[in-house]
*Asks:* 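My questions will all concern the structure given below.
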Amino acid sequence: MRKEILRMQEVCAGRYEPGGLSHFQLHMKEGEMVGLYGYSGAGKTVLYEYFMGDIPLKSGKVVFDGRLCPEGGRFPYAQQVLCLGSGSTLIPGLSVAENIFVINGKRKGWNLVWRPNIYYRARMLLGQYAPQLSPHTLARELTPAQMRLVELLRAIENEVKLVVIDDSFQGFGQSDMQILTDILAVLKKRRVAILFETLEIKLNYGIMDRIVLLRKGKNVRTFYEEDFDDTYCRKLLLGNEVLPSFQKHSAFTQRQRLQMRLGAYVAGCLGNDEGLTAREGEILGLYDMDNRRNVELLEQLLGAKPFAGEEILLDGEPYEPKGLEDALDHKIGFMLERMREISLVGTMDFAANLSLPILSRRWWRLFFRNRQVSEVLGAEYRDQLQIPKDQLHTQVKYFDNYTRMGIFLQRWILFQPRLMVCIEPWTNADMVMKDMIFRAFAEMTRGGTTILIASRNMNELRSICDSIYVLHAEGEGLARYENV
């Protein structure tokens with residue numbers, strides 16, 4: 001019989017309201033994987049922060065591995081828990097072997113830091129679970145998925161009792177997800193409990209035992225595979241709120257907005273002469289099963305990486321990518337994975353943020369010369385963004401995720417870019433936030449903006465795109481599908 005590893009009863013935690021935990025309940029046994037699903041602000045991150053030791057337990061009862069955690073104190077057993085969030089816990093300048101065995105909370109002793117011993121043990125561990133990795137590779141040279149893999153291998157080495165994952169697997173391709181899922185299965189067999197906090201309602205990871213729904217800091221219901229109902233889950237999480245379904249309406253014309261002549265970069269792509277093309281007002285998806293080459297192509301379009309093709313034409317004129325600042329000067333907007341918050345100035349109010357095109361220094365000077373611009377925008381869009389009168393001058397860092405997303409999207413609508421380049425735009429977005437994104441994209445296209453989206457989620461692409469390019473395996477080129 002499996003031992004209970006975690007019990008949480010009537011738990012209240014969190015610095016601010018809403019967004020904290022309120023009389024939260026959870027129990028987990030060894031070797032059990034539980035999905036914790038909730039929309040933005042439901043309290044998932046607060047739970048993650050408690051296990052990290054960042055915030056105290058306000059009230060309630062927490063028993064971990066048979067030991068009672070102090071009420072009013074922080075979680076005292078952080079060394080026995082692996083927490084994976086948005087940032088990596090690896091040290092960039094150390095190798096894979098050093099990150100696994102030197103940064104080790106379990107074992108101590110002179111033989112642990114003896115270099116030959118470290119690499120011998122690393123080769124044994126990697127040979128069993130991750131033969132594609134070299135123990136000598138520096139952490140900074142790893143892909144995000146490989147970093148997660150090394151962190152999970154560290155959990156095996158440290159013999160942790162619990163792994164808490166705060167939606168940190170988004171954007172990974174199918175092959176990466178399969179590797180990570182295999183490691184999670186190994187952890188389960190080793191009797192490690194796994195708490196998988198996510199915005200996506202899924203029981204199809206193959207190893208998920210049950211899903212707990214979280215709304216406004218409280219448990220809503222627990223689902224097992226045999227009674228799981230996606231539609232019913234969404235209704236429970238929305239409560240009394242009614243979310244109208246988004247209806248896709250194409251707004252593209254036959255005028256060509258973008259042409260990327262890729263040449264030998266993608267072999268066999270539509271004869272190599274036409275390359276990748278996008279029309280005015282079109283929403284164009286780029287899908288790659290591993291979510292790599294499609295992302296790389298859009299990064300090249302923004303100048304984040306050197307362009308490997310032959311030529312880019314924007315509205316018939318040659319365009320040479322030189323970086324984000326130059327992209328803005330050419331009326332190219334961007335919505336990059338995990339970068340939405342960077343472009344919002346947290347210490348300024350919402351109207352000031354609306355009046356500043358993202359990262360463009362020349363617009364800062366304009367703003368400080370004419371503050372009436374922000375006052376006009378504030379008066380016009382306050383009701384639309386549902387910002388109360390008493391919060392007109394509140395710094396945006398104090399708004400909830402939905403309001404910040406609304407400001408972010410409205411600013412791009414005001415900017416009216418010719419191109420909008422998006423890489424996994426729905427990362428960390430629940431159903432409500434996805435609807436906000438889809439409606440903003442639809443409004444942009446009605447104004448003539450062409451939107452390019454790179455994603456590994458084909459279902460999301462099909463729900464909004466007019467056409468989709470599918471990038472096939474190396475050397476097989478790409479294919480375009482219309483009216484998807």
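In what follows, residues are counted from 1 in the order of the sequence shown. A quick note: this is a predicted structure, and the numbers were derived from the prediction, not measured.
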*Asks:* Show the nearest heavy-atom pair for residues Ala13 and Ile55, with the distance to one decimal.
*Replies:* CB-CD1, 4.5 Å
*Asks:* Given the rule in the side-chain contact (heavy atoms from CB on, under 4.5 Å) test, do Thr445 and Asp466 qualify, once you have shown the distances and angles that lead to the verdict?
*Replies:* CA-CA 11 Å; Thr445 57; Asp466 300 300; 5.9 Å; no
*Asks:* Quick check: do Asp288 and Leu297 have side-chain heavy atoms less than 4.5 Å from each other?
*Replies:* no
*Asks:* Under 4.5 Å between any side-chain heavy atoms of Phe334 and Leu328, yes or no?
*Replies:*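 They are in side-chain contact.
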*Asks:* With side chains defined as the heavy atoms from C-beta onward, is the minimum distance between Leu36 and Phe24 less than 4.5 Å?
*Replies:* yes
*Asks:* How close do Trp412 and Pro417 get, counting heavy atoms only, and between which atoms?
*Replies:*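 Reported closest heavy-atom pair: O-CD, 3.3 Å.
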*Asks:* Checking the side chain of Asp209 only, and the main-chain atoms of Met33 only, is there a donor and an acceptor separated by less than 3.5 Å?
*Replies:*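 Confirmed, Asp209 side chain pairs with Met33 backbone.
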*Asks:* Okay, side chain of Gln300, backbone of Ala308: is any donor-acceptor separation there less than 3.5 Å?
*Replies:*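 Checked: pair present.
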*Asks:* Would you sort out whether Tyr402 and Tyr39 count as a side-chain contact (heavy atoms from CB on, under 4.5 Å), showing the intermediate values?
*Replies:* CA-CA 10 Å; Tyr402 299 106; Tyr39 288 162; 3.4 Å; yes
*Asks:* Salt bridge check, Glu151 against Arg154: does any charged N sit closer than 4.0 Å to a carboxylate O?
*Replies:* no
*Asks:* So Glu282 and Arg257, do their side chains get closer than 4.5 Å, heavy atoms only?
*Replies:*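 A side-chain contact is absent here, since even the closest heavy-atom pair is not under 4.5 Å.
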*Asks:* Answer whether the closest heavy-atom distance between the side chains of Leu214 and Glu197 falls below 4.5 Å.
*Replies:* no
*Asks:* Which heavy-atom pair separates Thr449 from Leu419 by the least distance, and what is that distance?
*Replies:*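 Heavy atoms only, the tightest pair is CG2-C, 4.3 Å.
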*Asks:* Main chain of Leu461, side chain of Tyr287: is a donor-acceptor contact present, judged purely on distance under 3.5 Å?
*Replies:*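 Side chain of Tyr287 to backbone of Leu461, a donor-acceptor pair under 3.5 Å: no, none is there.
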*Asks:* Would you check if the side chain of Asp329 reaches a backbone N or O of Ala327 as a donor-acceptor pair within less than 3.5 Å?
*Replies:* no
*Asks:* Checking Ile332 against Leu301 for the side-chain contact (heavy atoms from CB on, under 4.5 Å) test, could you report, in this order, the C-alpha distance in whole Å, the side-chain angles of both residues, the deciding distance, and whether it holds?
*Replies:* CA-CA 10 Å; Ile332 299 176; Leu301 181 60; 5.5 Å; no
*Asks:* What is the minimum heavy-atom distance between Cys12 and Ser22, and which atoms define it?
*Replies:*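 Heavy atoms only, the tightest pair is SG-CA, 4.1 Å.
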*Asks:* Would you say Asn291's side chain and Arg456's backbone share a donor-acceptor pair under 3.5 angstrom?
*Replies:*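 Side chain of Asn291 to backbone of Arg456: a pair is present.
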*Asks:* Answer yes or no: is there a donor N or O on one side and an acceptor on the other, between the side chain of Lys331 and the main chain of Phe415, under 3.5 Å?
*Replies:* yes
*Asks:* Hey, are Glu280 and Thr450 close enough side-chain-wise for a donor-acceptor pair under 3.5 Å?
*Replies:*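 Not at all, the side chains of Thr450 and Glu280 share no donor-acceptor pair under 3.5 Å.
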*Asks:* Between Gln256 and Thr277, do the side chains contain a donor N or O and an acceptor N or O under 3.5 Å apart?
*Replies:*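 Their side chains do not contain a donor-acceptor pair, so the 3.5 Å distance test is not met.
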*Asks:* Are more than 12 heavy atoms from other residues, nucleotides or ligands located less than 6.0 Å from atom NZ of Lys188?
*Replies:*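 Yes, because the 6.0 Å sphere around NZ of Lys188 holds more than 12 heavy atoms from other groups.
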*Asks:* Considering non-hydrogen atoms only, spot the tightest contact between Arg261 and Gln259 and give its length.
*Replies:*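 Minimum heavy-atom separation between Arg261 and Gln259: NE-NE2, 3.5 Å.
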*Asks:* Kindly say whether Phe252 contributes a backbone atom to a donor-acceptor pair with the side chain of Ser250 at under 3.5 angstrom?
*Replies:*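 Checked: no pair found.
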*Asks:* Could you check whether any side-chain heavy atom of Leu82 comes within less than 4.5 Å of a side-chain heavy atom of Val192, counting everything from C-beta outward?
*Replies:* no
*Asks:* Do the non-hydrogen side-chain atoms of Leu6 and Leu195 ever get within less than 4.5 Å of each other?
*Replies:* no
*Asks:* So, Asn99 side chain and Leu90 main chain: donor-acceptor pair closer than 3.5 Å or not?
*Replies:*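 Here the side-chain-to-backbone pair does not exist.
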*Asks:* Is any side-chain heavy atom of Glu296 less than 4.5 Å from a side-chain heavy atom of Leu471?
*Replies:*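 SC-SC contact between Glu296 and Leu471 ruled out.
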